[in-house]
*Asks:* 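My questions will all concern the structure given below.
All ligand and atom numbering here is 1-based and tracks the order in the structure. Just so you know, these numbers come straight off a predicted model, no measurement behind them. For reference, positions follow the sequence shown, starting with 1.
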Amino acid sequence: MIEIQRGVQLARLTTIGTGGPARAFARPETVTELEEALTWAAERALPAATVGLGSNLLAADEGVDALVLRLGGSLAAVATDDTTMTAGGGATNAVCLHAARRASLGGIEFACAIPGTAGGGIWMNAGAYGSDWSTILTRALVVTATDSGWLTPAELGLSYRHSNLCHGQVVAHVEYRLVRRSAEGIRASVANLIAQRKATQPTNKRTFGSVFKNPEHELGAGRMLEECGLKGHRIGGAVISPKHANFIENAGGATSADALALMAEARRRARVQFGVVLEHEVELLGAIAVE
Ligand SMILES: Cc1cc2nc3c(=O)[nH]c(=O)nc-3n(C[C@H](O)[C@H](O)[C@H](O)COP(=O)(O)OP(=O)(O)OC[C@H]3O[C@@H](n4cnc5c(N)ncnc54)[C@H](O)[C@@H]3O)c2cc1C
């Protein structure tokens, strides 16, 4: 039977480094273990939520009343065959990219600056530089407490930073369709994309990536918040990045409440100055909301 742990702190599982304890925590390594864990939660009427690298997550300081899962073992492994890559839902983008380069397969280079997993990428159809998960995904094996099945990008409802996935639906495996490309070409593209990132975003700080989705407006969320004078604005241990205003950094001892207060202030200012209601991109876990 899969081991269920208590008291695991979400702060250890998120890149921003905040969040209280999960009511229960498990690390399934096979689909059978994953089904066991989901059944264990369902029998107790406990919701289940999966954490990838926690790079797009803000979890409640009070903790999360759920079974939190982090995929390992075969659910984080990667293999390539001709132009297909199969990966566990918990496989990191870095490991996928490395395997793709070794097999001279291109198409996933855009993910080099996205510090997440295959499952997390599908959840919000993560993307950068004009590509997103819908451009490489063939299908994903989605497991729940009661059934499992392979879904196509259309069935997953992938659109701009969105899928139809709900907590309790776990991406266990994915299949990517890639294209032949030389390892040197891949390496050069990745170096170029990472240099672009370093020049414009706080890549060496504790953040959860973009705070808000870009609104339908000539200005992106970052430029809008910059024009509101919010760069460097601080609440508690959380600060709006002086480098890019659509990022919140943990400047030391930040709580999720600090980050939420900054988000509420940013939304208020964008509404007053631009008449725009910003929608958050970061996923909230637990009993928290942005005012
Ligand atoms: C420095 C930095 C730069 C970033 N740049 C970008 C960028 O350019 N583009 C972009 O789109 N994002 C970006 N992000 C945000 C983030 O990296 C992506 O959204 C990433 O895809 C999240 O993956 P994750 O595995 O960390 O998911 P998590 O943050 O752990 O989880 C996010 C959501 O996905 C769900 N989830 C995770 N794994 C699974 C699974 N196996 N099955 C079902 N649900 C799952 C979680 O429950 C949660 O709701 C950036 C973040 C950082 C810190």
*Asks:* Atoms of ligand 1 less than 4.0 Å from Pro115 heavy atoms?
*Replies:* 2 (C), 3 (C), 4 (C), 17 (O), 50 (C), 51 (C), 52 (C), 53 (C)

*Asks:* What is the closest protein heavy atom to atom 36 (N) of ligand 1, and at what distance does it sit?
*Replies:* Thr50 O, 3.7 Å

*Asks:* Step by step, would you call Arg181 with Ser189 a side chain to side chain donor-acceptor pair (under 3.5 Å)?
*Replies:* CA-CA 11 Å; Arg181 191 171 182 210; Ser189 292; 2.9 Å; yes

*Asks:* At under 4.0 Å between heavy atoms, is it the side chain or the backbone of Pro202 that contacts ligand 1, or both, or neither?
*Replies:* neither

*Asks:* Would you check if there is a donor-acceptor pair between the side chains of Asp82 and Thr84 at a distance under 3.5 Å?
*Replies:* no

*Asks:* Return the closest protein heavy atom for atom 5 (N) of ligand 1 as residue, atom name and distance.
*Replies:* Arg197 NH1, 3.2 Å

*Asks:* Can you list the atoms of ligand 1 that are under 4.0 Å from a heavy atom of His167?
*Replies:* 47 (O), 49 (O)

*Asks:* Just let me know how Ala49 lines up against ligand 1, side chain, backbone, both or neither, with a heavy-atom cut-off below 4.0 Å.
*Replies:* neither

*Asks:* Taking only heavy atoms of Ala128 into account, list the atoms of ligand 1 that are under 4.0 Å away from them.
*Replies:* 8 (O)

*Asks:* Heavy-atom distances under 4.0 Å are what count here, so tell me which part of Arg161 touches ligand 1: side chain, backbone, both or neither.
*Replies:* side chain

*Asks:* Please could you name the atoms of ligand 1 that Thr207 approaches to less than 4.0 Å, counting only its heavy atoms?
*Replies:* 1 (C), 53 (C)

*Asks:* Does even one non-hydrogen atom of Thr203 get within less than 4.0 Å of ligand 1?
*Replies:* no

*Asks:* Between Gly127 and ligand 1, does any nitrogen or oxygen pair lie at a separation below 3.5 Å?
*Replies:* yes

*Asks:* Among Ser55, Gly168, Gly54, which one puts a heavy atom closest to atom 16 (C) of ligand 1?
*Replies:* Ser55

*Asks:* Report the nearest protein non-hydrogen atom to atom 29 (O) of ligand 1: residue, atom name, distance rounded to 0.1 Å.
*Replies:* Asn56 N, 2.7 Å

*Asks:* Any idea which atoms of ligand 1 are less than 4.0 Å away from a heavy-atom of Gly121?
*Replies:* 21 (O)

*Asks:* Identify which one of Arg271, Arg267, Lys213 satisfies the salt bridge (Lys or Arg N to Asp or Glu O under 4.0 Å) criterion when paired with Glu279.
*Replies:* Lys213

*Asks:* Is there a nitrogen or oxygen of Val171 sitting under 3.5 Å from a nitrogen or oxygen of ligand 1?
*Replies:* yes

*Asks:* Tell me whether Val64 shares a hydrophobic cluster with Ile288, the cluster being built from Ile, Leu, Val, Met, Phe, Trp, Tyr side chains joined at under 4.5 Å.
*Replies:* no

*Asks:* Which is it for Leu285 and ligand 1 at heavy atoms under 4.0 Å: side chain, backbone, both or neither?
*Replies:* neither

